[in-house]
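Given the structure is predicted, the values throughout are model-derived calculations rather than measurements. All heavy atoms count here, side chains included; hydrogens, waters and symmetry mates do not. Sequence lines set the chain letters: A, B, ... in the order given, protein chains first and strands last, and positions in each chain run from 1.
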2 protein chains.
Amino acid sequence: MLSERVYQTLRAEIVHGDLWPNQPMIEAEIAERLKVSRTPVRESMQRLAADGLIVSRRRRWVVYEHTPEEIQEIYEVRAALEGQAARLAADRADEEDRAVLAGVLDADAKQRFLSGRARVEANEQFHDAVVRAAHNQRLTSELIRMRLYGFNTRVVNSYDADLLSRSWSEHEAIATAILEGRPDQAADLARRHVEHSMTIIFERS
Amino acid sequence: MLSERVYQTLRAEIVHGDLWPNQPMIEAEIAERLKVSRTPVRESMQRLAADGLIVSRRRRWVVYEHTPEEIQEIYEVRAALEGQAARLAADRADEEDRAVLAGVLDADAKQRFLSGRARVEANEQFHDAVVRAAHNQRLTSELIRMRLYGFNTRVVNSYDADLLSRSWSEHEAIATAILEGRPDQAADLARRHVEHSMTIIFERS
DNA sequence: TCCCACCACTGAGCATGCAATATTGCATGC
DNA sequence: GCATGCAATATTGCATGCTCAGTGGTGGGA
């Protein structure tokens with residue numbers, strides 16, 4: 001379906017940062033650029049608006065700029081979900097999940113993360129490994145929705161060496177709690193990990 | 001906007017149970033019934049599909065029927081969010097929140113709930129009071145999304161006197177933890193409360 | 001009688017036209 | 001020089017027509 005393709009394209013452009021907050025999104029312009037009619041573009045707009053990525057202001061679509069308060073709120077929701085993911089992972093991780101989790105935390109990955117070369121990717125891989133071990137598809141998709149904002153990438157990219165190191169230790173602690181089957185502790189650590197990264201955003205700005 | 005009105009109408013019809021799972025939703029039919037053209041109906045379909053309420057099967061829209069596994073997944077997500085709401089409420093509830101929370105748990109409300117007369121409403125009022133005290137708009141809207149499924153209402157309606165009583169006690173315990181400012185305990189109790197109601201669905205079916 | 005092929009029909013995907021409305025720029029007056 | 005009102009323009013909201021895919025029904029042959 002064209003409308004699906006348009007939606008994916010626009011969403012990627014917003015999250016990746018090609019389209020900036022407050023930038024107007026003009027139906028006809030996008031339609032021409034993507035070589036489709038306005039109809040699939042309109043349908044994509046509805047979905048992007050439901051995702052909270054764009055908003056209609058005075059009969060115009062613009063990329064939405066989240067206020068600091070809203071970013072904090074999103075992080076609080078995400079903290080709850082990452083906590084639940086870690087909890088369920090500690091209960092349910094099978095052999096394959098454990099292998100994946102151990103894999104994303106090996107010495108090689110640590111080097112890449114701490115050096116900053118692939119910090120965003122390594123970070124995502126860890127959180128993906130946890131959520132995957134939770135065996136809950138809905139939780140997975142909700143967490144993807146929460147990570148679907150432009151500001152997430154910026155956060156991890158703003159870490160200095162000290163914070164990268166601290167963040168990695170937290171990952172290790174969460175993984176250990178999961179692998180050793182301590183759901184309450186895993187949930188607590190994961191929640192605090194997200195809360196911690198949240199406070200960093202606001203200290204910096 | 002017509003498309004907004006159509007969306008609200010259809011969503012309400014699905015959640016309320018006027019439209020049944022697997023029932024086909026025909027664009028032209030709905031357009032005629034609601035006296036609008038097919039365009040706003042199409043746009044509503046996109047949003048309903050994003051909500052997971054309808055699904056396109058072989059080029060036709062039908063009301064989606066969640067599998068038991070998916071219902072369990074949704075409850076696990078909701079457990080995490082209600083837990084977080086209770087945690088934040090324990091940290092942040094102001095005088096007005098406390099009054100509301102006490103109000104929905106007074107002797108009169110208890111009577112109405114236990115007698116079964118207004119069980120669904122009283123249940124929603126309690127959870128609303130908690131989420132309101134959490135002072136997090138995003139968490140509120142995510143929780144509303146989670147309660148937006150037809151099966152939720154059916155759950156509370158299937159409670160017998162014993163379960164109603166047990167459920168009320170859990171509400172009281174959560175409220176106490178919030179009012180006395182014990183976030184960890186409030187979160188734990190709220191999460192277990194949702195998990196508990198979840199297990200009931202599956203024991204019954 | 002049963003099975004298969006073909007055809008008509010239903011309904012969604014997309015394009016486009018038209019109307020309504022908000023915005024912008026310009027002219028005019030104070 | 002600045003404010004105000006009007007006209008032109010930009011852009012969305014909605015309606016409708018066309019096309020194509022999937023479905024079901026019907027007729028003919030084994």
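Mapping A/Glu4 and A/Arg59 onto DNA chain C via the closest heavy atom, the residue that lands nearer the 5' end is A/Glu4. Residue order along DNA chain C, read from the 5' end via each residue's closest nucleotide, puts A/Pro40 first among A/Pro40 and A/Arg58.
Counting to the nearest Å, the C1' atom of D/dT23 and the CZ atom of B/Arg60 are 6 Å from each other. Whole-Å rounding puts the A/Glu27 CD to D/dA10 P distance at 16 Å. Distance, A/Glu32 CD to C/dA15 P: 13 Å, rounded to whole Å. Going from atom CE of A/Met45 over to atom C1' of D/dT11 covers 11 Å, rounded to whole Å. We find that CD of A/Glu29 is positioned 11 Å from C1' of D/dT11, with the value rounded to whole Å. The nearest whole Å value for the distance from the OH atom in B/Tyr7 to the P atom in D/dC14 is 16 Å. In this structure, CG of B/Leu2 is placed 12 Å from P of D/dT16, rounded to the nearest angstrom. When rounded to the nearest whole Å, the span between CE of A/Met25 and P of D/dA10 equals 20 Å.
Side-chain contact check for B/His196 and B/Glu170: at least one donor-acceptor pair (N or O, by modelled atom type) lies under 3.5 Å. Looking only at atom types and distance, the side chain of B/Asp51 has no donor-acceptor partner in the side chain of B/Tyr149 under 3.5 Å away. Residues A/Glu121 and A/Gln125 bring no donor and acceptor atom of their side chains to less than 3.5 Å of each other. Between the side chains of B/Arg57 and B/Asn22, at least one donor N or O sits under 3.5 Å from an acceptor N or O.
Considering only side-chain atoms of B/Thr39, the nucleotide from D/dC14, D/dT23, C/dT23 that sits closest is D/dC14.
When both pairing distances are held under 3.5 Å, D/dG25 makes a Watson-Crick or G-U pair with C/dC6. Nucleotide C/dC30: paired with D/dG1 (Watson-Crick or G-U wobble, both distances less than 3.5 Å).
For B/Ser37 and D/dA15, the shortest distance from a side-chain N or O to OP1 or OP2 is below 4.0 Å. In this structure, A/Arg42 reaches the D/dG13 phosphate: one of its side-chain N or O atoms is under 4.0 Å from OP1 or OP2. For the OP1/OP2 pair of D/dC14 and a distance below 4.0 Å, the side-chain nitrogens and oxygens of B/Arg38 include no atom meeting the criterion.
A salt bridge between A/Asp106 and A/Arg112 is absent, with no side-chain N of the basic residue lying under 4.0 Å from a carboxylate O of the acidic one.
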